[in-house]
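The structure under discussion appears below in the form of structure tokens.
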Amino acid sequence: MAVRYPAMTQVAKKRLVVVSNRLPVALDKNQSGLLEVKQGTGGLVTALEPIVRKSNGIWIGWPGCMVTPDVKEALTKFTLETPHTLIPIDISEEEVQQYYRGYSNKTIWPLFHDLLGQFSFDLENYDAYQKVNHRFASVVAQSSMPDDACWIHDYQLIFAGQYLRELSYHGHLDYFLHIPFPSLDLFRRLPRYEEIMHAFLAYDHIGFQTSADRRNFIGCVKWMVPKARVTSRKRQATVQYEGRDVIVGYYPISIDFEEFSRGADSSDANDAAWFLRENLTIKHLALGLDRLDYTKGIRERFLAFERLLVKHPELVGDISLLQIVIPSRLNVPEYQELKRELDFEAGRINSTFSQHGWVPILYEFRTLNREQLLGHYKAADIALITPIRDGMNLVSKEFCASCTDEDGVLILSRFAGASAQLGKNALLVNPFDYDEIADAIYRACTMSADEKQNRMRTLRSEIRRNNVHRWVRWFFKEESPDVQVGPVIEQNTTDGKTGKL
Ligand code: GDG
């Protein structure tokens, strides 16, 4: 008979132990050379930080640097001022190279984003990945109690659950994958895939971003683990494996809608938006905002924007693409190469089309502070979000939440997880189809105010309802989503036809 670990309900009543590659903080030296700990940014932090605090919980992760005595001291001091505890994991420079830049980012990341061309495998990196996962598991085992709710996150820590089991951890283990899960045909290219699959099945509850990811995973289980018995219900599948039940569901991550909406109406955000538009003489501002990553389709977006200028010359001088690229993984050669490509394409397009007082692509390689981020969302008429593949894409949701005047248009890739939820009222595009993107931008520029408002109002109410707080409750089975969010939805394609994914 299948063993059932204690069911994870009422998460608020349990102490939450969140485990992720990075701690939710950033460490920086101030002007006097003293280490300062600041709240980190990004979706995971925004989503989980308040919940970990509320449960007096623990967050276990790598601080992004060696755990020296002054790092420990700074983290302890920070922890004393907050109700939750941060526990740093020490990872050597060589391990960062192999576990993080190597196996996590050269093997799993490209494969899971369907990009076989970027994918490579190295046994030493795989060994280091397992070793570091084991270290995470040991720290979790030492720091948590069986009654805690232990929630492990993302592709860097697939093996942590299995090692916890080997360390005789009997508590309930939850896992959430933030990136897509590939099809069987791709997953089977991963050397030693049986070991990875076995590691996944050590968890009690696995969450994916979309129903397509869950379906891919279940397809792999059926093919690779013939001994497993799978029963599927509407939103959830159960895998019976080695005498245990593993629940497999999908829970599209979201954002704190109210915080973005309120923030976008603040005077700071409005000033930042005004400042941004003040010196631009254009009618339409399209915004791209992405981490430097080849999955985000930034180069393809530049080429699609170039196509727009050729196809619709009446927009020359009237529209610019403001592309913010946030520096990321700069120690990985592929990312350095991508940066060079982007610099080249932006330069080439600008030198071809620029006119006195107008530049087609405003390209900035930097991080924005919160007010600037909100100001950029607020100032933009169009969000051009065209990843080649993306687990969810929070920027698309943040843009809509910040669009309090309901006058913005969201252009979204069909291959972003968010398209399953937002596809009806966004203009959906294929990131490789430059003509389709060009036409969608043209359509956004010529759309009536009424249509913009209807679309944006519906997008905002969808995100308001299914916000990040609901995502957490939904993951822990305390609440259901407000609507059916699966990939089989009616979608308005950019030419107005209706199609099914
Ligand atoms: C992974 C998956 C999935 C970005 N630049 C600045 C800034 N950001 C914040 C955004 C947003 C977050 O970072 C980026 O989230 P995304 O979802 O767009 O992308 P990934 O970083 O690739 O995240 C993704 C996500 O996990 C969550 O599950 O959606 O598919 O790849 O929140 O606002 N924030 C500030 N300044 C910046 O310059 N303050």
Side-chain angles (χ1 to χ4, degrees), residues 18 20-22 24-26 38-49 104-105 108-110 112-115 151-157 175-182 207-210 212-213 250-257 259-260 263-264 268-269 272 276 287-298 322-329 335 364-378 380 383-402 410 412-413 415-422 463 466-468 471-472 475:
V18 168
S20 63
N21 173 56
R22 285 294 292 266
V25 288
K38 285 192 196 135
Q39 179 89 32
T41 51
L44 186 66
V45 176
T46 323
L48 292 176
E49 171 79 3
S104 298
N105 287 327
I108 302 189
W109 177 269
F112 281 37
H113 285 88
D114 302 348
L115 293 166
W151 195 4
I152 294 171
H153 287 263
D154 226 0
Y155 66 104
Q156 302 92 347
L157 296 175
Y175 176 84
F176 187 78
L177 185 70
H178 290 257
I179 64 174
F181 193 87
F208 293 100
Q209 296 273 27
T210 67
D213 297 322
Y250 64 97
Y251 316 94
I253 197 169
S254 195
I255 58 160
D256 188 331
F257 177 90
E259 201 185 306
F260 274 93
D268 283 350
L276 195 61
L287 175 71
L289 193 143
D290 314 77
R291 259 187 326 98
L292 177 70
D293 203 294
Y294 48 83
T295 60
K296 302 288 182 186
I298 308 169
L322 171 57
Q323 176 64 55
I324 308 290
V325 178
I326 293 102
S328 174
R329 301 180 194 169
Y335 287 71
E364 299 176 15
F365 186 65
R366 64 172 179 132
T367 307
L368 307 177
N369 67 28
R370 181 89 184 157
E371 279 68 40
Q372 289 167 333
L373 180 75
L374 291 165
H376 278 63
Y377 287 145
K378 198 83 207 253
L384 194 49
I385 299 180
T386 54
I388 288 169
R389 193 82 178 93
D390 216 331
M392 178 54 52
N393 193 294
L394 294 177
V395 171
S396 59
K397 296 189 173 182
E398 293 170 1
F399 168 72
C400 297
S402 309
L410 174 64
L412 181 62
S413 161
F415 308 113
S419 69
Q421 266 176 296
L422 309 181
I463 303 164
N466 288 313
N467 60 35
V468 74
W471 172 72
V472 174
F475 184 90

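This chain uses plain numbering: 1 for the first residue, then up along the sequence. What you see is a predicted model, and the numbers here were worked out from it, not measured in a lab. When a ligand or atom number is given, it counts from 1 through the structure's own listing order.
- In summary, the atoms of ligand 1 found under 4.0 Å from a heavy atom of Gly391, numbered by their order in the structure, are 30 (O).
- Remark: Lys296 engages Asp390 in a salt bridge (Lys or Arg N to Asp or Glu O under 4.0 Å) (not counting sequence neighbours).
- Minimum heavy-atom separation, Gln372 to Ala272: CA-CB, 4.5 Å.
- Contact annotation: for Gln209 versus ligand 1, heavy atoms closer than 4.0 Å belong to the side chain alone.
- For a threshold of 3.5 Å applied to N or O pairs, the pair formed by Leu373 and ligand 1 contains no separation below that value.
- Shortest non-hydrogen contact noted between Asn21 and Leu157 is N-CD1, 3.8 Å.
- Using modelled atom types, one side-chain atom of Arg389 and one backbone atom of Phe415 make a donor-acceptor pair closer than 3.5 Å.
- Of the heavy atoms in Leu368, both backbone and side-chain atoms come closer than 4.0 Å to ligand 1.
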Is there a side-chain hydrogen bond (donor to acceptor under 3.5 Å, both in side chains) between Tyr155 and Asn105 once you walk through the steps?
CA-CA 9 Å; Tyr155 66 104; Asn105 287 327; 2.7 Å; yes
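- Counting heavy atoms under 4.0 Å from ligand 1, residue Glu371 does not touch it at all.
- At least one side-chain heavy atom of Trp109 sits less than 4.5 Å from a side-chain heavy atom of Tyr294.
- Those atoms of ligand 1 that come under 4.0 Å of a heavy atom in Glu398, given as number and element, are 10 (C), 11 (C), 32 (O), 33 (O).
- Heavy atoms from both the backbone and the side chain of Met392 come within less than 4.0 Å of ligand 1.
- Close N/O approach between Arg370 and ligand 1 is not found [any backbone or side-chain N/O within under 3.5 Å].
- With ligand atoms numbered from 1 in the order given, ligand 1 contributes 24 (C), 30 (O), 31 (O) to contacts under 4.0 Å with heavy atoms of Asp390.
- With a 4.0 Å heavy-atom cut-off, ligand 1 is reached by the side chain of Ile326 but not by its N, CA, C or O.
- Contact annotation for Val395 and ligand 1: heavy atoms of both the backbone and the side chain come within less than 4.0 Å of the ligand.
- At distances below 3.5 Å, not a single donor-acceptor pair connects side-chain atoms of Asn393 with backbone N or O atoms of Ala418.
- Near Trp109, with a cut-off below 4.0 Å to any heavy atom, the atoms of ligand 1 are 31 (O).
- Checked against a 3.5 angstrom limit, the closest N/O atoms of Asn369 and ligand 1 fall outside it.
- Put simply, part of Leu289 is less than 4.0 Å from ligand 1, judged by heavy atoms.
- At a threshold of 4.5 Å between non-hydrogen side-chain atoms, the residues Ile388 and His113 do not count as touching.
- Heavy atoms of Gln372 stay at 4.0 angstrom or farther from ligand 1.
- Remark: Arg370 is positioned above the aromatic ring of Phe260, its terminal NZ or CZ atom under 6.0 angstrom from the ring centre and at most 45 degrees off the axis.
- Distances shorter than 4.0 angstrom do not occur between any heavy atom of Arg366 and any atom of ligand 1.
- Between the side chain of Thr210 and the main chain of Gly417, no donor-acceptor pair closer than 3.5 Å is present.
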